[in-house]
Structures are given as C-alpha cells and as structure tokens.
Amino acid sequence: MKQRHLFLASPHMSEEGYEQEFVKQAFDSNWIAPLGENVTKFEQEMASKLGAKDAAALSSGTAAIHLALKLAGVGPGDVVFCQSLTFSATANPIVYQQATPVFIDSDEDTWNMSPAALKRAFELYPNPKAVIAVHLYGMAANLVEIGKICAAHGVPLIEDAAESLGTIYHGRYTGSIGDYGIISFNGNKIITSSGGGMLLCNTPDATQKAEKARFWATQSRERARHYQHNEIGYNYRMSNVVAGIGRGQLRVLDQRVEQKRHIYEFYRQAFAGIDDLTLMPMREGEHCNCWLSAVQVHGGKVTPAMLMDALELEDIESRPVWKPMHLQPVFAGCPYVDNGGVAQKLFENGVCLPSDTKMDDEDLERVARVVKHLWEES
Ligand SMILES: *Cc1c(COP(=O)(O)O)cnc(C)c1O
C-alpha cells in the first residue's frame, strides 16, 4: 500500500470553516477588493491578540520587513545589523533600501542572533539604522540582551517573527516586543492566508507609524480627489478576501501551536535514546510555537544528507536548516560578525523534520521509525 506523502508544513484550514465564513462575507458585500472590513478587523484582532499597539496588513512578510526598515529611517548607504542564519527574505529588503547588511552570527542556545556578536558589531560598525533579529523555527531570540544593547545605542529593533507567530517570550508574544515586528501568512507558516503578512508597530507613536505604512503600501496616494503623490509608494496592501482567510485562521492559532508542540514533544521522546541527534533547544521563559521541529545531527555515523535521503525514500519531506546569509553568493562582500561559526555549524548539521499539523501520531511514528532505523542499522 502506498503511504501518503508527509509534508514539512502545509496549509491547515479550520475544521469549523471559519475562513470560508469570512470569505463569504467579503463576497456577499462585494468587498472583494481592495480593502474592507476583513482587513481592518484582521489588523485589530491580531494586534489585540499579540498585545501590539497597532498593525498593518500587507501582501507579504517581506513587504512588512521592507516597510519596517523604511519606518526605522533606513535609506541609501545606511547599515543594518541582521541575523545571518535566516531565510533570505529577512535580508533582501535591506538591499531594496540600498543599505548594507552586516550579518551577525548565532548563539548555540537559541540558534538566533548572538548578543555578544551584536555588541561587537556596534564597536566595529557604528551608527547602524536598525537591528533585525529572527525567531527561527519559532524559537525566541535572546531579546532581553538584544533589547538592552539596542536601547543603549538608541537603535530600533525589528523582530522577524515570520516563523514564530504564537511564541510567548517572558510573558509577551514575539513580534510585539521590539519596536517593530513582522509576521508572515505564507502557505507553509503556522497559519496562512494563502499568502500575506503583517507589520506590528510597538513604538510610542505606533498609530502614526502604522498609518504611514498603510499609506506607503497603497502607492503613497495623498488625500486629494485627484491622484497626488509626494513620495514613492508600493502596492503592498492585503486584499479583503485574503484577510478573511487570515481572520479564520487566527481563531485556530492556539490550537495549531499546541499541535506543533505535540509534534516536537513526540520527536523528543522518540529520539531520546539517540545521542547523535539533538532537537532544537527549548529555553526557560519561552512557550515556543515549534513551527518546524529541527534537529542537529552529530557524530558522523549518520549524516544530515543520509537522514534526508532516507526520509525522501519513504515519501517524507525534510530540508536543511537555512543556509546563513554570509555564505550566500548574493551577499558576498557584506560584513559578517562571527561568534565561532555557530550559524554555519547549525546549517551543516541541521535538518528540519516534518512538522505538518495534519499528521497524526501514526504518521509521526512513521517518521520516527525511519530515523531510528538509520542509527540501529549502522
Ligand atoms: C517566511 C519568512 C519570511 C517572509 O515572509 P513572506 O510572507 O513569504 O514574504 C521572512 N522571514 C522569515 C524568517 C521567514 O521564514
């Protein structure tokens, strides 16, 4: 019997059909586009859920990072400190703004931006315009230390919370802790609107900042009957239909977090006997959304490539941990502040295991069998 394909992460709509209800409302009112009630409500519901001061719904997480950089005043010739171990979407908008990224290595205990390396970056490259820390796979960056460093230098902190929606760090949701936070609703994220993003503003003047982001996102159209433009704009706004899916998904976010955490816990128990396999770390004071359960493979008996090959043979999807930006040809020549090559090691030894919330325990058992078998036979 052919077993079904197991995904890394796939869209998972609510059993209740919330998403279709909100989409139907958009159809019934003919507010298919551009804006409408779903967009405004989605922003309000998300800001209130996460404890952010204001939010702007956008066409992607990448667009949200771009506008966060603009709000932080990043422009041509500026420097931005950016976590190296991440997806390229974190760093690309720095270049859209004709600024230079300085890539920062990670810490082993969070996999995210190393505060020690960040401190060194401030000594080497003074006057950056912004710092972008990422919460990879749902794990929170060390925002206590990073926040202190940014505050001491008066530099805005942008949280890339694209992968960590629902993660709670010291009592607060990631994305609502730094000056700006960004979320993604791309198809593989913990909740999806079929594609989209949100910018969270937490500065004292958050309302004005979010308003400015919405303005830029709608082609910088001034308040005038004719089309008046005093600034360059973008077509970055979320549509009312997309926002309807997002609102429905928000209602199952807590459930998805618990399902993802269950997957992590299942793997943790299943692999407890394999010394050469360690799951990504969980830290005190953090309730991780466990978007993807990632592991580190050590010892050399089984390599990450062997692990991914074995899973693929069983029609099970997996993939390497992100390749750091300072190792990407497109960013060759950008400065990098090292912390002992942590990001590179995490990449070379790292594998993301299937973390799809549509899997049941039988599916997870299937994954675990393939993994355990590798260590048993060699
Ligand atoms: C998905 C992702 C983004 C980009 O979000 P999009 O909505 O796909 O533009 C940014 N940063 C990280 C870390 C991501 O995983």
Side-chain angles (χ1 to χ4, degrees), residues 7-11 42 46 55-70 80-97 101 103-104 106 110-113 130-141 143 146 157-167 174-175 178 180-200 213 217 234-239 242-243 245-246 249-250 256 260 280 288-294 319-326 328 330-331 343 346-347 350 352 355-356:
F7 290 97
L8 205 60
S10 72
F42 191 27
M46 189 60 85
L58 301 170
S59 53
S60 72
T62 311
I65 297 173
H66 189 186
L67 295 188
L69 290 169
K70 273 179 72 81
V80 174
F81 294 164
C82 178
Q83 182 166 322
S84 184
L85 187 65
T86 187
F87 177 46
S88 66
T90 310
N92 282 334
I94 300 170
V95 181
Y96 302 166
Q97 283 306 99
F103 293 114
I104 313 287
S106 285
T110 62
W111 291 24
N112 292 306
M113 182 179 275
V131 172
I132 311 180
V134 187
H135 305 297
L136 276 190
Y137 306 127
M139 290 178 286
L143 286 193
I146 293 168
L157 171 61
I158 300 168
E159 292 178 79
D160 181 342
E163 302 180 0
S164 70
L165 177 58
T167 292
T174 55
Y180 305 100
I182 78 93
I183 303 168
S184 165
F185 309 112
N186 187 34
N188 60 359
K189 299 302 196 301
I190 189 160
I191 61 171
T192 180
S193 61
S194 78
M198 204 166 300
L199 170 68
L200 306 167
Y234 303 86
N235 183 3
Y236 274 177
R237 207 64 163 116
M238 181 179 279
S239 91
V242 163
I245 305 174
Q249 284 270 277
L250 185 53
R256 293 291 173 268
K260 294 272 193 189
M280 63 191 198
C288 184
N289 79 351
C290 296
W291 172 57
L292 293 185
S293 285
R319 74 168 174 213
V321 159
W322 299 121
K323 179 173 181 177
M325 292 305 115
H326 73 278
Q328 299 284 1
V330 69
F331 293 118
L346 290 168
F347 159 61
C352 298
S355 307
D356 190 9

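First listed ligand is number 1; within each ligand, the first listed atom is number 1.
If you check which protein heavy atom lies closest to atom 11 (N) of ligand 1, you get Asp160 OD2, 2.7 Å. Nearest protein heavy-atom contact of atom 1 (C) of ligand 1 is Lys189 NZ, 1.7 Å. For atom 15 (O) of ligand 1, the nearest non-hydrogen atom of the protein is Glu163 OE2, 2.6 Å.
Atom CD1 in Ile132 sits 11.0 Å away from atom CD1 in Ile104 (nearest 0.5 Å). The CE atom of Met46 sits 4.5 Å away from the CG atom of Leu250 when rounded to the nearest 0.5 Å. Going from atom CE of Met198 over to atom OG of Ser60 covers 12.5 Å, rounded to the nearest 0.5 Å. Atom OG1 of Thr62 is separated from atom CZ of Phe87 by 6.5 Å, given to the nearest 0.5 angstrom. Distance check: Met280 CE to Cys290 SG gives 4.5 Å after rounding to the nearest 0.5 Å.
Using modelled atom types, one side-chain atom of Thr167 and one backbone atom of Asn289 make a donor-acceptor pair closer than 3.5 Å.
Checked against the 6.0 Å centroid criterion, the rings of Phe185 and Phe42 qualify as a close aromatic pair.
Listed by atom number, the atoms of ligand 1 under 4.0 Å from Ala162 heavy atoms are 2 (C), 3 (C), 10 (C), 11 (N), 12 (C), 14 (C). Taking a cut-off of under 4.0 Å to the non-hydrogen atoms of Ser184, the atoms of ligand 1 that pass are 1 (C), 5 (O), 6 (P), 7 (O), 8 (O). Each of the atoms 11 (N), 13 (C) of ligand 1 lies under 4.0 Å from some heavy atom of Thr90. Atom numbering of ligand 1 starts at 1 in the shown order; those under 4.0 Å from a heavy atom of Ser60 are 7 (O), 9 (O). Each of the atoms 13 (C) of ligand 1 lies under 4.0 Å from some heavy atom of Thr86. Close approach to Phe87 involves these atoms of ligand 1, each under 4.0 Å from a residue heavy atom: 2 (C), 3 (C), 14 (C). Under a 4.0 Å criterion applied to the non-hydrogen atoms of Gly196, ligand 1 contributes the atoms 7 (O). Close approach of ligand 1 to Ala89 (heavy-atom distance below 4.0 Å) involves ligand atoms 3 (C), 4 (C), 10 (C).
Under 3.5 Å, the side chains of His66 and Gln97 contain a donor-acceptor pair of N or O atoms. Between the side chains of Gln83 and Trp322, not a single donor N or O lies within less than 3.5 Å of an accepting N or O.
When only interatomic distances are considered, the shortest N/O to N/O separation between Thr62 and ligand 1 falls below 3.5 Å. Considering backbone and side-chain atoms alike, Trp291 places every N or O at 3.5 Å or more from each N or O of ligand 1.
Residue contacts with ligand 1 leave out Gly195, since none of its heavy atoms falls under 4.0 Å from the ligand.
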